[in-house]
Structure formats: structure tokens, C-alpha cells
Participant: 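Below is a structure I'd like to ask you about.
Reminder, nothing fancy here: chain letters follow the sequence lines and each chain counts from 1. Only heavy atoms go into these numbers, but all of them, side chains included; no hydrogens, no water, no symmetry mates.
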Amino acid sequence: MNKVRTRFAPSPTGALHAGTVRTALFAWLVARQNQGEFILRIEDTDQARSDQNAINNITATLKYVGLDWDEGPGIGGKFGPYTQSERLDIYRDWANKLIENGRAYPDNTSQEHLEVMRQADKKAGRAFLFRNHRPKTTPAKASDTPLRFLSDPKSYSWVDLVMGDLSAGPEAVDDFILIKSDGYPTYNFAHIIDDYLMDISHVIRSQEFISSVPKYLNLYEALGIKVPLFATVPQVVGESGTRKLSKREGAKQLLEYQTMGVLPEAMLNFLATIGWNDGSEQEIFSKEELIKKFTLQRVQRSPGQFDEKRLLWLNGHYIRELQFDELVKLSDGYWSKSASKFDQAYKNRVLKLVQSRLKYLDELGALTSFFFEDLPIKPGLISTHKKLKDLTAQQLTDLLTKTLNELERSDFSLEDIKTRLDKLLEETSQTPAVLFSLIRIATTQSEASPELAESLEVLGKDTVLRRIKNSISSTEKA
RNA sequence: GGCCCCUUCGUCUAGUGGUUAGGACACCGGGUUCUCAUCCCGGAAACACGGGUUCGACUCCCGUAGGGGUCACCA
């Protein structure tokens, strides 16, 4: 069997989102599991829409999720260049071969006339086929005359590695533009030439191209070149459940998740399991396992929905699995501003307390800010608390005062804090639901926090006593 | 509209003629001295519909409906 070579061939017209990257991932997995090669090719044949920012976004996104490429722009390779705008001569040569064979013809039908014909066909309830309107005579070939493929309509059936047996009638084959008036090839033409010249074994792409395959098959024949294997990956749809993932659908570009602090291994796991699983009940897959277990045959044929909740669950899982020193490194940059005045040792103690609570790194600041600054007192935390709202100000003050007196005598070791909290429960004959809630609110002024004793220990005696005193004076006023 | 593809809990899915239709996320309830999270236990929740074939259909066949893609000098 020939060497497996797969490619990711995006057009640089915007930021990558999950759907596109998932397709890239599948192509990458096929290459890696077969000791093959993964090629990055930039399809910038649309001059107006392509730009360098998008190219940067593509490479940054691939690097984020760890999809390395063996050949591509920048790094080169034996089949370069890997940017289509640098391959114009190649397409022209192949186009000339088609002209010589009588399989391509210049056509300068105006956009207006095309539109008229399209409307007429639409009205007649049939698909528009240019070949039904081929001009009797072809214009002289000038440099700005578009070149059309002269199709040879017939039925095709072929095998798709994901979708299975597919077929279509001759109505799916038409005369399409090969070279545009600006001299650039269309996608339909360029990708076929490139896949052939770059020795691509598997063309793995998303669903919108499936109905164009018969046209491509017809072109492969005209060109007399070998047809690669096809694998069509269904789309990833957005929250609506129907529409394709897009900016309009509210989809984030993938790099936003990097900024949020979604770990690459979580993103990879998530992407791979939209529309794929190994047949078992396994949910967590490492990159190595994916390489070992992935098969195109087990890719779902129906679209998959992007479920951010599931992504965040996976990410939480991977954060919990992280070695602590690894988490320390990754957390850098996600702390609240107020944390900058504290040393790393203190931050580490805080981090230990929240590792199991983080769904994504960017939550860190909000989750831990009370460890670094006295938050403003929020009376609502008590007045709406289901266990505290019915206590009088006097009762609250009493409880806090007793707590203050007890903790003042503590050496603030975790052990001692726990002992004294237990003692307070006895003395006040309050349930933890009341007393601990109150202390927690007084010392954190937050909706939620890690375990009370541990939080107090990390906060330290001075801070805890100060905050309790502040709370007392605030409840007295109320 | 023509052509093509798709259809199991809200979501991701297991399932390839005989299962109490399984798991996970999310959700709800309970437990872990308080909250949030983790962890553990439990709950609700699906075979789009209609015909066949068969002793027996989620599984096979045919329709119907719904959804998606495509019909560009965009990819």
C-alpha cells in the first residue's frame, strides 16, 4: 500500500472554529496512526477574502491542539510550494493540457446572463447546469477569459470511507470554472491538481463537498490521474442543533478556548468525540489512544452538535488530573490583579484548594479573589441565605463575636482551627449549616469557597480576624 | 424545486434480528460537619412516523415526514 498522506487545506478567510479543526484532527489521526504524513496547504485562491491574519490563526490553532504538520508553508517539503497562490503556473500548465485534450474551453458568459439562466432554471424547477447552455462558439482565449471544464456527464458511484456507498446521476456533473478571470484557479480545480501532485492518499474533508464529488470524478478522468480515497466528515452544528457552526451561530473561534484556559488535551478529546467513539463506553481518550483507536469507519454519518458543557466537563477532568506543578505553570497569567502582591508559595496554597473546582483556567481569578483582597461586604449573602436570613442582627453578632474570641486564641494550624470550630458548634449549639455558613460569608464575602477550615488556614489569622471584625460592625449597623 | 446525505434520551453516543435499549455530559434528589466543586449513591429522560419481511424488529426493505448539504469566476 502506498504511503498514507493526508492534508488539511483551509482557505485563510477567517478564524478556525471547532468543525474545521475536528476535520483536521481526523486527517491528522489517519496520518499518524499509519506512520504517514500530514500536510498543511493554504488554499488562498480567493484573493479578495484571503489574508495573513487568517493564516496566522490557522497555524496558531493547529499548534494549540498539537496537530503538527510534516510539510507546509514555512517548513516546505518535497512537493512545495504549499500555498496555492504560489502555484499559479502549475495550474495553468494543467489547464493547458485540458485545452489540448478538448476538455476545457474559454467562456466569457457574463454574470448577468448567468443569473438570468439560473433564474429560468429555478423557475422551471430544475438545477442549473451550465452545460445545457454551452455557447455555440467559444471566444478567443485571452488572459482574462475564464476557463471552463468540458464535462462528460455520466453516473457515478463511489465509496466514501465515512459515508459508505454513494452515488449520483449525470445531473451532478457540470461544466465548472477551472480558472477565474483573475488568473487564479477555483478550489474545484486547484485542490485536485494539488492532491495529485502532493501524493495525497486520503482526501478528508467536510460535508459541503460531497455533492461535488461526481464533478471531481469527471475531472480526474479527463486529467487521467488517480483518484484518492475520499472520507467525508459530517458537520459540527451549533447550539441551534441544525445550523452549521459559525460566528453567526455564536460559535467561538477555537483559539478563544485557549485563552479561556481549555487544555489542549481536553480540546482534542472533545473534538475527537463529536461524532466518533471506539464502540466502548470510554469517554476519556489521550492523544496516543486516539491515534491507536481512531477509525474513519466509526465516524458518525450525521452531524454532531457542539456542546460546550461537555467540553468544560472534560477540561475540568484534565485540570484535576494535572500534576500540581504543571497546574502552577499553566495558572500563571490567570490570577486576579490583587494576587500580584502575593508570593508564589501563597498562590500555590490557594491553587491546591481550587484545583478540583476549576472548569477552565480563566475562572481562577474570580474563584480566588477573596484570598487576595478584602471583598466589599455584601449583606445580601446573609439576608437571602436560607439558613441565616431568619436570624436577628443580635444573633449574628453574637455568633461572630464568639467565633472571633475563639479564633483569636488559635495558632491557626489546620488542626487547631478544626478543633475550635467544633468547639464553637458545641458552645453555640448551632448546626454547621448555620455557623459555618456565617463564618464562611464573613471571611470570604463570596457565594462559594473551598472548605471552611482550609480556607481560614490559608487566609491566615490576621485576615480572618480582621474580616470577622468588619462583619460584626456591619451587622451591628444593620 | 432537482440531486445527494442524515434521523436512538435535551446533547455526545453504545447497539449490526431476541437487551429491563447501556454509558457519558447536562438536569433533579440524597450522602461527604457549611457553600461551590470533586467523589459516591439514586432519579427522570430516546429508537421520527407508516407499511412490509420475519416466530420475533431500534436493527433488513419500501414509503412518508423532518433536518442538512449542493445547484458561484467561495471554498
Participant: C34(B) P sits how many Å from Lys387(A) NZ, rounded?
Facilitator: 10 Å

Participant: When the P atoms of U54(B) and A48(B) are considered, how many whole Å apart are they?
Facilitator: 24 Å

Participant: Roughly how far apart, to the nearest Å, are U8(B) and A14(B) at atom P?
Facilitator: 10 Å

Participant: Give me the distance, rounded to whole Å, that separates U20(B) from U33(B) when you measure between the C1' atoms they each carry.
Facilitator: 40 Å

Participant: Under 4.0 Å between any heavy atoms, over every strand shown, what does Thr273(A) touch: base, sugar-phosphate, or nothing? Just pick one.
Facilitator: sugar-phosphate

Participant: Ring centroid separation for Phe128(A) and His133(A), is it under 6.0 angstrom?
Facilitator: yes

Participant: Describe the nucleic acid contact of Pro450(A) in one word from base, sugar-phosphate, nothing, applying a heavy-atom distance below 4.0 Å.
Facilitator: base

Participant: Given that both distances must come in under 3.5 Å, which nucleotide forms a Watson-Crick or G-U wobble pair with A21(B)?
Facilitator: none

Participant: Distance from Ile439(A) atom CD1 to Leu407(A) atom CG, nearest 0.5 Å?
Facilitator: 6.5 Å

Participant: Between Tyr257(A) and Asn315(A), do the side chains contain a donor N or O and an acceptor N or O under 3.5 Å apart?
Facilitator: no

Participant: So what does Ser449(A) touch, heavy atoms closer than 4.0 Å: a base, only the sugar-phosphate, or nothing?
Facilitator: base

Participant: Sticking with atom C1', work out how far U7(B) lies from C12(B), rounded to a whole angstrom.
Facilitator: 15 Å

Participant: Taking only nitrogen or oxygen atoms into account, show me every contact under 3.5 Å that the protein makes with nucleotides 3-8 of chain B, one pair per line with its distance.
Facilitator:
none

Participant: So, is Asn277(A) near the phosphate of A14(B), with a side-chain N or O under 4.0 Å from OP1 or OP2?
Facilitator: yes

Participant: When rounded to the nearest Å, what value does the distance between C1' atoms of A45(B) and A24(B) take?
Facilitator: 14 Å

Participant: Summarise how protein sits on nucleotides 21-29 of chain B as a single string, 5' to 3': B when a protein heavy atom is under 4.0 Å from the base, S for sugar-phosphate-only contact, - for no contact.
Facilitator: -SBSSS---

Participant: With the threshold set at under 4.0 Å for non-hydrogen atoms, list the residues of residues 441-448 of chain A touching RNA chain B in residue-number order.
Facilitator: Glu447(A), Ala448(A)

Participant: Under a 3.5 Å threshold, yes or no: a donor from one side chain and an acceptor from the other, between His113(A) and Ser110(A)?
Facilitator: no

Participant: Can you tell me the distance, in whole Å, between the CD atom of Gln297(A) and the C1' atom of U16(B)?
Facilitator: 15 Å

Participant: Between the side chains of Asn108(A) and Thr145(A), does any donor sit under 3.5 Å from an acceptor?
Facilitator: no

Participant: If I compare all heavy atoms of Ser449(A) with all of Phe370(A), which pair ends up nearest, and what's the gap?
Facilitator: CB-CZ, 3.6 Å

Participant: Suppose we define a pair by two distances each less than 3.5 Å, Watson-Crick or G-U wobble; what does C27(B) pair with here?
Facilitator: G43(B)

Participant: Once hydrogens and angles are ignored, does a donor-acceptor distance under 3.5 Å link the base of A37(B) to the side chain of Ser356(A)?
Facilitator: yes

Participant: Mind checking the C1' distance from C55(B) to G42(B)? Whole angstroms is fine.
Facilitator: 39 Å

Participant: Measure from the side-chain heavy atoms of Gln235(A) and tell me the nearest of C34(B), G68(B), A75(B).
Facilitator: G68(B)

Participant: Are Arg118(A) and C73(B) close enough that a side-chain N or O sits under 4.0 Å from OP1 or OP2?
Facilitator: yes

Participant: Measure from CZ on Arg357(A) to C1' on U32(B) and round the result to the nearest Å.
Facilitator: 13 Å

Participant: Closest approach to the side chain of Glu451(A), judged atom by atom: which nucleotide of C73(B), A37(B), G69(B) is it?
Facilitator: A37(B)

Participant: Where does the angle between the aromatic ring planes of Tyr187(A) and His191(A) fall among parallel (under 30°), tilted (30 to 60°) and perpendicular (over 60°)?
Facilitator: parallel

Participant: Can you tell me, in whole Å, how much space there is between the C1' of G23(B) and that of C9(B)?
Facilitator: 12 Å

Participant: Just grab all the salt bridge (Lys or Arg N to Asp or Glu O under 4.0 Å) pairs involving residues 157-186 of chain A, residues at least two apart or on different chains.
Facilitator: Arg134(A)-Asp175(A)

Participant: State whether a side-chain donor-acceptor pair under 3.5 Å links Asn277(A) with Gln282(A).
Facilitator: no

Participant: Counting the atoms with a prime plus P, OP1 and OP2 as sugar-phosphate, which does Thr13(A) contact under 4.0 Å by heavy atoms, base, sugar-phosphate, or nothing?
Facilitator: nothing

Participant: Report the distance from atom CG of Leu404(A) to atom CD1 of Ile472(A), rounding to the nearest 0.5 Å.
Facilitator: 5.0 Å

Participant: Can you tell me how far P of C74(B) sits from NE2 of His191(A), to the nearest Å?
Facilitator: 15 Å

Participant: With a 4.0 Å cut-off on heavy atoms, is Asp174(A) in touch with a base, just the backbone sugar-phosphate, or nothing at all?
Facilitator: nothing

Participant: Mind running a 4.0 Å heavy-atom check of residues 143-153 of chain A against RNA chain B and sending the residues that fall below it, in number order?
Facilitator: Pro146(A), Arg148(A)

Participant: Tell which nucleotide pairs with G66(B), taking only Watson-Crick or G-U wobble pairs whose two distances are both under 3.5 angstrom.
Facilitator: C6(B)

Participant: Could you check which of C39(B), A75(B), U33(B) has an atom nearest any side-chain atom of Arg320(A)?
Facilitator: C39(B)

Participant: How about Phe26(A) and Trp276(A): are their ring centres within less than 6.0 Å of each other?
Facilitator: no

Participant: Say we look at A37(B) and C28(B): how far apart would their P atoms be, to the nearest angstrom?
Facilitator: 10 Å

Participant: Output side-chain donor-acceptor pairs under 3.5 Å for residues 265-275 of chain A, partner residues at least two apart or in another chain, one line each.
Facilitator:
from: Asn269(A); atom 1: OD1; to: Phe285(A); atom 2: N; distance (Å): 2.8
from: Asn269(A); atom 1: OD1; to: Tyr318(A); atom 2: OH; distance (Å): 2.6
from: Asn269(A); atom 1: ND2; to: Glu283(A); atom 2: O; distance (Å): 3.1
from: Thr273(A); atom 1: OG1; to: Asn269(A); atom 2: O; distance (Å): 2.8
from: Thr273(A); atom 1: OG1; to: Phe270(A); atom 2: O; distance (Å): 3.2
from: Thr273(A); atom 1: OG1; to: Arg310(A); atom 2: NH2; distance (Å): 3.4

Participant: Which residue lies toward the 5' end of RNA chain B, Arg440(A) or Gly275(A), if each is placed at its nearest nucleotide?
Facilitator: Gly275(A)

Participant: Check every strand shown and say whether Arg205(A) touches a base, only sugar-phosphate, or nothing at a heavy-atom separation below 4.0 Å.
Facilitator: nothing

Participant: Please report, rounded to the nearest Å, how far the C1' atom of A75(B) is from the CD1 atom of Ile58(A).
Facilitator: 12 Å

Participant: State whether Arg298(A) places a side-chain N or O below 4.0 Å from either non-bridging phosphate oxygen (OP1 or OP2) of U13(B).
Facilitator: no

Participant: Base, sugar-phosphate, or nothing for Phe209(A), non-hydrogen atoms under 4.0 angstrom?
Facilitator: base

Participant: Does Lys122(A), at its NZ atom, have more than 12 non-hydrogen atoms belonging to other residues, nucleotides or ligands within less than 6.0 Å?
Facilitator: no

Participant: Taking a pair as Watson-Crick or G-U wobble with both distances under 3.5 Å, which nucleotide is matched to C58(B)?
Facilitator: none

Participant: Measure the CG-NZ distance between Asn188(A) and Lys215(A) for me, rounded to the nearest 0.5 Å.
Facilitator: 5.0 Å

Participant: Taking the side chain of Lys180(A) as heavy atoms from C-beta outward, which of C74(B), U33(B), G1(B) is closest to it?
Facilitator: C74(B)

Participant: Indicate whether OP1 or OP2 belonging to C74(B) is found under 4.0 Å from a side-chain N or O atom of Thr186(A).
Facilitator: no

Participant: Inspect the surroundings of CD in Gln297(A) and state if more than 12 heavy atoms from other residues, nucleotides or ligands are less than 6.0 Å away.
Facilitator: yes

Participant: Quick check on ring-ring contact (aromatic ring centres under 6.0 Å, His included): which of Tyr220(A), Trp94(A), Tyr91(A) does Tyr196(A) satisfy it with?
Facilitator: Trp94(A)

Participant: Is there a Watson-Crick or G-U wobble partner for U38(B) with both distances under 3.5 Å, and if so, which one is it?
Facilitator: none

Participant: What's the verdict on salt bridge (charged side-chain N to carboxylate O under 4.0 Å, His left out) for Arg41(A) and Asp195(A), showing C-alpha distance, side-chain angles and the deciding distance?
Facilitator: CA-CA 10 Å; Arg41(A) 184 173 73 222; Asp195(A) 287 340; 2.9 Å; yes

